[in-house]
Each structure stands twice: as C-alpha cells, then as structure tokens.
Amino acid sequence: MVLKVLMLIFILLVFITAWYLIRSKNKGQFIIFTFIGNRKVNTLFSVTSLVLVLTGIVGIIILFTLPKIFNFITLIIAAMAISIFSFTFMNLNE
C-alpha cells in the first residue's frame with residue numbers, strides 16, 4: 001500500500017513537470033532562460049512534455065494492473081526522459 005501511495009506521488013510529480021514544461025514553452029521562458037522563437041527548444045519542450053504525460057498514463061495503468069516490480073518501468077522511463085531533456089537543453093544553451 002505504501003508503494004502505491006509513493007508511486008502515485010511520483011506520477012503526480014511527472015504530470016506537474018509535464019505541465020510546467022508546456023507552460024514554459026508557451027511563455028517562452030524556463031526558469032532564467034528565455035527562448036522565444038527558438039524552434040529547437042520549443043520542440044524539445046513539446047516532446048519531453050508528451051513523453052512525460054504518456055509515462056504518467058502508463059504508470060497509472062501499471063500501478064493498478066501489474067505486479068509491483070513493473071513500477072520500475074515508470075521510474076526508469078521518467079528518469080531517462082528528464083535526463084535526456086536536461087542534457088539536450090544544456091547542449092542547446094551553450
């Protein structure tokens with residue numbers, strides 16, 4: 001039961017991160033960076049937020065239908081998506 005609650009919190013954080021990326025893309029500002037008109041960064045934000053939303057949906061399905069061990073799939077996909085986003089964003093802003 002504790003695992004389900006923790007995974008729900010994690011999935012909620014995944015959805016919040018996706019929402020924040022979409023909001024930042026629409027505003028053209030992410031934390032301290034402004035990227036109005038930069039198509040590469042806009043695409044990066046769109047793809048990352050889509051991957052995070054899909055990860056959250058798959059995570060909810062896994063949480064309530066499959067055994068506990070499969071929750072690692074959600075954790076790994078979300079961690080990889082955020083890591084790839086971070087490295088790509090860093091390279092685009094050099």
Nearest-0.5 Å distance, OG1 of residue Thr17 to CD1 of residue Ile22: 11.0 Å
- prompt: Taking all atoms of both residues into account, what is the closest heavy-atom pair of Gly59 and Ile11, and its distance?
  reply: C-CD1, 3.4 Å
query: Under a 4.5 Å side-chain heavy-atom rule over Ile, Leu, Val, Met, Phe, Trp and Tyr, are Ile84 and Ile73 clustered together?
result: no
field: Nearest heavy atoms of Ala18 and Leu52, plus distance in Å
entry: CB-CB, 3.8 Å
query: Where is the tightest heavy-atom contact between Gly56 and Val14, given as atom of each residue plus distance?
result: N-CG1, 4.2 Å
message: Using only atom types and a distance under 3.5 Å, with no angle test, would you say the side chain of Asn71 pairs donor to acceptor with the backbone of Lys68?
response: yes
query: With the 4.5 Å side-chain cut-off for hydrophobic clustering, are Ile60 and Ile9 part of the same group?
result: no
- prompt: How many angstroms lie between atom CD1 of Ile69 and atom CG of Leu3, to the nearest 0.5 angstrom?
  reply: 9.5 Å
message: Tell me whether Ile57 shares a hydrophobic cluster with Leu13, the cluster being built from Ile, Leu, Val, Met, Phe, Trp, Tyr side chains joined at under 4.5 Å.
response: no
field: Sequence neighbours excluded, every pair satisfying ring-ring contact (aromatic ring centres under 6.0 Å, His included) that has a member inside residues 37-84
entry: Phe30-Phe45, Phe35-Phe45, Phe45-Phe85, Phe45-Phe89
query: If you measure from OG on Ser24 to CH2 on Trp19, what distance do you get to the nearest 0.5 Å?
result: 8.5 Å
query: Of the non-hydrogen atoms in Val51 and Ala81, which two are nearest, and what is the gap between them?
result: CG1-CB, 3.7 Å
query: Are the side chains of Ile77 and Val58 in touch, meaning some heavy atoms are under 4.5 Å apart?
result: no
Shortest non-hydrogen contact between Lys25 and Asn42, atoms and distance: CD-O, 3.4 Å
field: Atom pair OG (Ser49) and CZ (Arg23), whose distance is rounded to the nearest 0.5 Å
entry: 13.5 Å
field: Single-linkage hydrophobic cluster Leu6~Leu75, side-chain heavy atoms < 4.5 angstrom
entry: no
Value rounded to 0.5 Å, distance of CD1 in Ile16 from CG in Leu21: 12.0 Å
- prompt: Should Ile82 and Leu12 be counted in the same cluster of Ile, Leu, Val, Met, Phe, Trp and Tyr side chains packed under 4.5 Å apart?
  reply: no
- request: First locate atom CZ of Phe10, then atom OG1 of Thr55, and finally report the distance between them rounded to the nearest 0.5 Å.
  value: 8.5 Å
